[in-house]
Amino acid sequence: MPVKLYDTQTRAVKTLAQTSDRPLYFYCCGPTVYGPAHIGNFRTFLIQDLLVRVLKVAGYSVKHVRNITDVDDKTIRQSRAKKQNLQEFTNYWTNKFHNDCKILNLLTPSLEPRAVEHINEMIQLTQKLVEKKFAYQGSDGSVYFSVKSCKEYGKLNRIDQSELKTQNNNSAGSANLADEYGRESISDFALWKSRKEEDGENYWKSPWGEGRPGWHLECSSMIYKSFDGNTIDLHGGGIDLSFPHHENEIAQSESAYGKTLCNHWFHCAHLRVENKKMSKSFKNLYTLDELLDKGYSPTAIRYTLISSSYRQPLNFTFDGLRASQSALTKIERFAKALLNKLGKDTDNFNHDYVKADVIKNHGLLQDAWESLCNNLNTAACLGSIFGLIGSNPISKMDAEESENLLKSIGTILYALGINLFTETTKDSIIPNAILELAKARWDAKQNKDYAKADTLRNKLKSAGWEIKDSSADYEIHPID
Ligand code: AMP
Ligand code: ZN
């Protein structure tokens with residue numbers, strides 16, 4: 001089954017074509033490891049994981065490379081603030097990231113290059129760009145990419161060439177030494193940053209003196225190394241990376257190596273909170289740990305982050321998380337009824353269907369599967385699954401039909417990365433009736449109907465559930 005995906009560069013949905021003699025080459029910009037990833041970051045990583053899973057189920061083989069950004073402005077600043085050496089500091093946060101990935105059921109990428117292990121490659125790439133006159137050393141000792149030397153600069157983000165008038169200096173009169181900047185300040189950007197006092201011991205020797213690499217350069221080097229200099233099929237990241245990061249990656253790689261960096265650009269829209277991007281700088285983020293501590297299951301968190309269109313911003317709410325939890329309960333109940341019908345217990349619900357032959361037709365769930373292959377339309381996929389559940393089909397099915405349906409639902413849930421009947425979901429699933437009572441109590445409290453709120457709290461208590469309120473939300477805990 002061909003998988004189709006929107007491409008940011010051509011602004012069209014295109015089929016991902018697999019070259020016969022090698023896997024599909026897929027690179028993703030990985031986490032910057034200076035603190036816990038927030039669930040906004042995980043929206044992007046989960047959508048990339050979803051794509052890898054869909055591709056596998058569809059019969060593609062994939063080489064998925066996701067880097068670790070362990071040397072940049074932020075990692076250096078934070079490690080110094082914590083008085084730790086950079087490696088020790090970033091190792092800690094890399095491990096934390098891996099742990100979170102495991103909890104959220106992300107597949108391990110084929111390769112996970114670390115920026116700090118590729119400094120030589122980065123120096124070589126800078127050298128190539130200087131030799132070819134795409135880069136120059138500035139008066140501050142740093143090496144900059146000359147934007148005006150690159151005729152195609154801006155092609156990914158369709159930047160009008162007239163916006164590129166002040167290529168050496170931006171409107172503030174300087175080149176971009178910072179790793180991140182906005183489209184309004186297009187100018188030459190740093191490939192190699194000369195050593196500064198605030199870098200502490202984090203510098204390397206280079207033909208341009210001591211210094212460290214710029215962030216954009218890191219991915220160009222790691223892509224070149226990981227895919228042996230070949231053009232890659234697909235490159236992913238959050239939409240904020242489209243400019244300047246990916247535009248700069250294209251400029252560096254294509255100027256140096258004279259070939260297309262990537263054929264297809266895959267960007268995920270942002271997770272927001274109250275209509276603002278979830279980010280460390282806005283201080284409006286949630287980490288996985290915070291949500292787990294509130295009693296939400298990893299599967300419900302995963303479900304929430306993947307169940308709407310990845311091209312649209314998603315507004316994060318606790319109501320949304322609770323709705324996911326009850327949607328999962330419905331799917332679990334349905335799968336259990338199918339297993340019962342076949343005389344199997346829940347341990348028989350095998351998620352590893354991908355190892356079996358690719359299923360050609362998913363029968364009653366063919367629509368659900370096709371939706372996933374069509375630009376990862378998870379909303380339509382889940383709509384089809386719930387449509388089927390609502391039609392109560394099990395009683396009308398014979399054993400063979402039930403077995404096929406079980407295989408299909410198992411395969412599609414594998415593609416979604418949703419595990420049923422696992423410890424994490426079983427332990428933390430709160431019954432629907434309790435969720436509804438708790439919501440009614442919260443609403444009564446918000447409406448200042450305290451008598452009703454108290455009655456509902458007592459009802460919950462006698463059912464074995466306790467409510468803990470914070471100013472903006474509430475948590476439901478089982479009473480031991
Ligand atoms: P970082 O760790 O900041 O390098 O970001 C890791 C990934 O998360 C990148 O692909 C970002 O584009 C993505 N990202 C950052 N914030 C959000 C957000 N609020 N929603 C979705 N993706 C995000
Ligand atoms: Zn990158």
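Scope of the values below: all heavy atoms of this structure, side chains included, with no hydrogens, waters or symmetry mates. Remember, it's 1-based here, ligands and their atoms both numbered in the order they're listed. Nothing here was measured: the structure is a model prediction, and the numbers come from that model.
- Considering backbone and side-chain atoms together, Gly237 places no N or O closer than 3.5 Å to any N or O of ligand 1.
- Within Glu249, the N, O or S atom at minimum distance from the Zn ion (ligand 2) carries the name OE2.
- By the 3.5 Å distance cut-off applied to N or O atoms, Phe45 is not counted among the residues near ligand 1.
- Across Leu305, Leu271, Asp72, Val273, heavy-atom proximity to atom 20 (N) of ligand 1 is greatest for Leu271.
- At a heavy-atom distance under 4.0 Å, no atom of Arg272 approaches ligand 1.
- A pairwise comparison of heavy atoms in Cys262 and Glu254 identifies N-OE2, 4.5 Å as the closest pair.
- Classified by interplanar angle (parallel below 30°, tilted 30° to 60°, perpendicular above 60°), the ring pair Phe26/Phe266 is tilted.
- The shortest N or O to N or O distance between Arg43 and ligand 1 is not under 3.5 Å.
- Counting heavy atoms only, Asn41 comes closest to atom 15 (C) of ligand 1 of the residues Ile239, Ile47, Asn41.
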Take Lys193 and Asp199 through the test salt bridge (Lys or Arg N to Asp or Glu O under 4.0 Å) and record every step on the way to the result.
CA-CA 10 Å; Lys193 303 183 185 195; Asp199 292 337; over 6 Å; no
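- Across Leu241, Ile68, Leu314, heavy-atom proximity to atom 9 (C) of ligand 1 is greatest for Leu241.
- Crowding of Lys155 atom NZ: a count of heavy atoms from other residues, nucleotides or ligands under 6.0 Å exceeding 12.
- The shell of residues lying under 4.0 angstrom from ligand 1, judged by heavy atoms, includes Gly30.
- Only one option out of Lys63, Arg22, Lys14 pairs with Asp233 in a salt bridge (Lys or Arg N to Asp or Glu O under 4.0 Å); it is Arg22.
- By the criterion of a heavy-atom distance under 4.0 Å, the side chain of Asp240, and not its backbone, is placed next to ligand 1.
- Remark: ligand 1 and Lys74 share no N or O pair separated by less than 3.5 Å (distance only, no angle test).
- Taking distance alone, with nitrogen or oxygen atoms compared against 3.5 Å, Gly238 approaches ligand 1 more closely than that limit.
- Note that the CD1 atom of Ile239 and the NZ atom of Lys277 stand 11.0 Å from one another [nearest 0.5 Å].
- The angle subtended at the Zn ion (ligand 2) by SG of Cys29 and NE2 of His245 is 120°, given to the nearest 10°.
- Taking 4.5 Å as the limit, some side-chain heavy atom of Pro113 sits within range of a side-chain heavy atom of Val65.
- When only interatomic distances are considered, the shortest N/O to N/O separation between Pro31 and ligand 1 does not fall below 3.5 Å.
- Between Trp215 and Phe189, every side-chain heavy-atom pair lies at or beyond the 4.5 Å cut-off.
- Heavy atoms of other residues, nucleotides or ligands lying less than 6.0 angstrom from NZ of Lys102 number 12 at most.
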